[in-house]
Amino acid sequence: MLLKGVLGDKLVFSLFEKPRNLIKAALGEIKADLVVKNAKLVNVITREIIEDTDIVVYDGYIVRIDNPIRDLDKYIGGKTVVVDASKYYVLPGFIESHVHIESSMLCVREFGKLATMHGVSTVVADPHEIANVLGVNGIKYFIEESRYTPVRFYFEVPSCVPAVDPSYGVDSGGEFVDAGQVAMLMQDPGIIGLGEVMDFVSVLDARTEVLVKIASAKLAKKVVDGHAPLLRGEKLDAYLVAGIESDHESTDPLEALEKLRKGMYVFMREGSAWKDLGRLVKLVTEYGVDTHRLTIASDDISVKDLVEHGYLDYIVNKAIEYGVDPIKAIQMVTLNPAEHLRMDHLIGVIAPGRYADIVFTPSIDRIVVEKTIIDGVVVYSNGEWLYKPIGSYSYPERAYKTMNIKSIPEPHELLVKASIDEGEVVANVIKAQPGSSLTKWVREKLSVHGGYVRADPGRDIVYIAVLDRHHASGNIGRGFVSGLGLKKGAIAQTIAHDTHNLIVAGSNPRDMVVAIKELVGIGGGIVLVIDGRVEAVIRLSIAGLVSDRDYMTVYREHIGMEEKLKSIGIDFSNIHMTLGLLALPVIPELRITDRGLVDVFNAKIVEPIEKSI
């Protein structure tokens, strides 16, 4: 009674009563909620397969495990669910180390539904996309919605909202998450750390704001994830000295090896647009490095890939195909990320005292998820999603009203004005690289007619523009991009990392204007226009980033968009991810924002015309 008076009923239950009940359940004095029997246990700690394993679960925790449990009957009561796993390998629930849910175009509920179907029980999400549009409230909306899904969502506080310190003047953010707000959010139990520290320029400049954010995470004993593309040598060392622990931007095995040698966790990324796994697995298959600090992450994954291919199960299978030992590959989505998160006492392992997150697959040479258990509850089995949420979450009206364009531009307002009426210029052009988050800065000769620089779709050089959609400032950044394959028509979207202004690319300014107008009218999403007609639309009504509809509806719109894009000669998928990243001025080399073209390495605006000829 004295303890209850001092600590409170809830804390006393957590500290004493709950462990007491778990101990009794482990001894068979309390009947189990769930028993899994006859399983082939994949032990990710000892890297063994242990036959005929029985697992006892009570109150969401594994309380007993052996091969076999001789007196198993004493754990089984009238309400105990018994699952025969004699045909299956059982693995710990998969852990996503780093993902932006918004890139799937799904709300948290629908993303979680697909995740469970592919064995994912824990997701570490960086909600910096919605935070750039809706600020701290956007983060809170995601945390609140996550309570209506069985997946264990942990969120990281975005470190760079906006992505680049406003004092550099290279972008116009929608919202700000400052150091004080970061410190406040670090106290939320749904927050697991500080999201990828993208603004490496501010880190290397030792700017106070970013250092305070890192310190807030350290004081809260939470992780600090990084974003360090191409950082090597002294710049990498300086970045690490700041206290950053991981990186998911390595594209070359030697770059990743240096980061491993210097103590970083390296997340081998294999998403929908950024496919680095095939190169980075050479760390294991050719260089023979210890895999302890290697994890697999998607970073950005589309609804199309989630529906058609899978999630972490699909990526693990690719690693196995590339020659990684199956159990090592499984460790990369279980034990390794759990250790990085400093949560291996709860997740990432099938062992007593851990959450009962269990995945069933008939093979480990090629994982096929047939059953997913989270917190001791079967949430997915043989193609059927079984979770029954209590209640539902509705986003507030504010989340639906995020289009604040000053005015719809005239076609000529999207063009680059030259200092000559006719002739040629050398233009600075963004060269997109499908399948990579990097761009190249190239110079191309372009013609001038009527005082404006003209695109050359025949050479795969088209117009690109970014419009401020947050402050009605009228800002328009103009330039040219190659590598999209957009030889006719225009595509516009409100997915433009990370500030998520309106970005549009097209072969002609008239189609670009039609696409902008339609996009504003639907409240955000993706619009494709060909010859003045709207041919395909994906409606993303929440912050212009995600849909509040079911995943199959979003998937069908995605497929419709992709089919129309193919009809105009675009032969790579997920153009929206490539296009969206062209506005992110923290990944080399050349980007575009509503302020203009950005030289990433020097964090400054450059003119679209280098010189007249």
Next item on the list: State, yes or no, whether a side-chain contact exists between I526 and L579 at a heavy-atom distance under 4.5 Å.
Entry: no
Check: Crowded around K113 NZ? As in, over 12 foreign heavy atoms under 6.0 Å?
Finding: yes
Notebook entry, point to check: Is it true that the side chains of Y380 and E370 contain a donor and an acceptor less than 3.5 Å apart?
Noted result: no
Note to self: Is any side-chain heavy atom of L91 closer than 4.5 Å to one of I358?
What the structure shows: no
Checklist line | Qualifying salt bridge (Lys or Arg N to Asp or Glu O under 4.0 Å) pairs with a residue from residues 117-141, counting only residues at least two apart or across chains | finding: none
Next item on the list: Go through the structure and list residues passing salt bridge (charged side-chain N to carboxylate O under 4.0 Å, His left out) with K371, not counting sequence neighbours.
Entry: none
Note to self: Looking at E258 and R232, is there a salt bridge between them, counting it only when a charged N and a carboxylate O are closer than 4.0 Å?
What the structure shows: yes
Check: Which of parallel (below 30°), tilted (30 to 60°) and perpendicular (above 60°) describes F142 and Y395?
Finding: perpendicular
Notebook entry, point to check: Taking only residues two or more places apart in sequence or in another chain, which ones pass salt bridge (charged side-chain N to carboxylate O under 4.0 Å, His left out) with D375?
Noted result: R152
Check: Going by distance alone, is a donor N or O of one side chain under 3.5 Å from an acceptor N or O of the other, for T251 and D276?
Finding: no
Check: Given side chains that start at C-beta, do those of L438 and I587 come closer than 4.5 Å, heavy atoms only?
Finding: yes
Margin query: Quick check: do P162 and F176 have side-chain heavy atoms less than 4.5 Å from each other?
Written below: yes
Checklist line | R269 and E249 ion-paired at < 4.0 Å | finding: yes
Note to self: Under a 4.0 Å threshold between the charged nitrogen and the carboxylate oxygen, would R342 count as salt-bridged to E339?
What the structure shows: no
Checklist line | Heavy-atom side-chain proximity of R549 to E557 below 4.5 angstrom | finding: yes
Check: Parallel, tilted or perpendicular: which fits the ring planes of Y393 and Y141, with parallel below 30° and perpendicular above 60°?
Finding: tilted
Next item on the list: Examine the side chains of W274 and D300 and answer whether a donor and an acceptor come within less than 3.5 Å of each other.
Entry: yes
Notebook entry, point to check: Do F94 and D313 come close enough that some side-chain heavy atom pair is under 4.5 Å?
Noted result: yes
Notebook entry, point to check: Do we see a donor-acceptor contact under 3.5 Å between the side chains of D498 and H128?
Noted result: yes
Notebook entry, point to check: Among all residues two or more places apart in sequence or in another chain, which pass the side chain to side chain contact (heavy atoms under 4.5 Å, CB included) test with E563?
Noted result: I559
Notebook entry, point to check: Going by the angle between their ring planes, with limits at 30° and 60°, are H340 and Y265 parallel, tilted or perpendicular?
Noted result: tilted
Next item on the list: Could I get the full list of side-chain hydrogen bond (donor to acceptor under 3.5 Å, both in side chains) partners for D171, not counting sequence neighbours?
Entry: T499
Next item on the list: For residues L528 and L565, determine if any side-chain heavy atom of one lies less than 4.5 Å from a side-chain heavy atom of the other.
Entry: yes
Check: Looking only at side chains, do E270 and Y314 share a donor and an acceptor under 3.5 Å apart?
Finding: no
Notebook entry, point to check: Can a donor-acceptor pair be found between the side chains of D460 and S482 at a distance below 3.5 Å?
Noted result: no
Next item on the list: Please determine, by modelled atom types, if T402 and R469 share a side-chain donor-acceptor pair under 3.5 angstrom.
Entry: yes
Item checked: Pair N336, T295: side-chain N/O donor-acceptor within cut-off below 3.5 Å -> no
Checklist line | side-chain contact (heavy atoms from CB on, under 4.5 Å), paired with V182, selected from V161, V136, I214, V157 | finding: V157
Quick one: side chains of residues 192-202, donor-acceptor pairs under 3.5 Å with protein atoms, not counting sequence neighbours, listed by atom name and distance.
| unit_1 | atom_1 | unit_2 | atom_2 | d |
| --- | --- | --- | --- | --- |
| E196 | OE1 | H227 | ND1 | 2.6 |
| E196 | OE1 | H248 | NE2 | 3.1 |
| E196 | OE2 | H98 | NE2 | 3.1 |
| E196 | OE2 | H100 | NE2 | 2.7 |
| D199 | OD1 | S202 | N | 3.2 |
| D199 | OD1 | S202 | OG | 3.3 |
| D199 | OD2 | D165 | N | 3.3 |
| D199 | OD2 | S202 | OG | 2.5 |

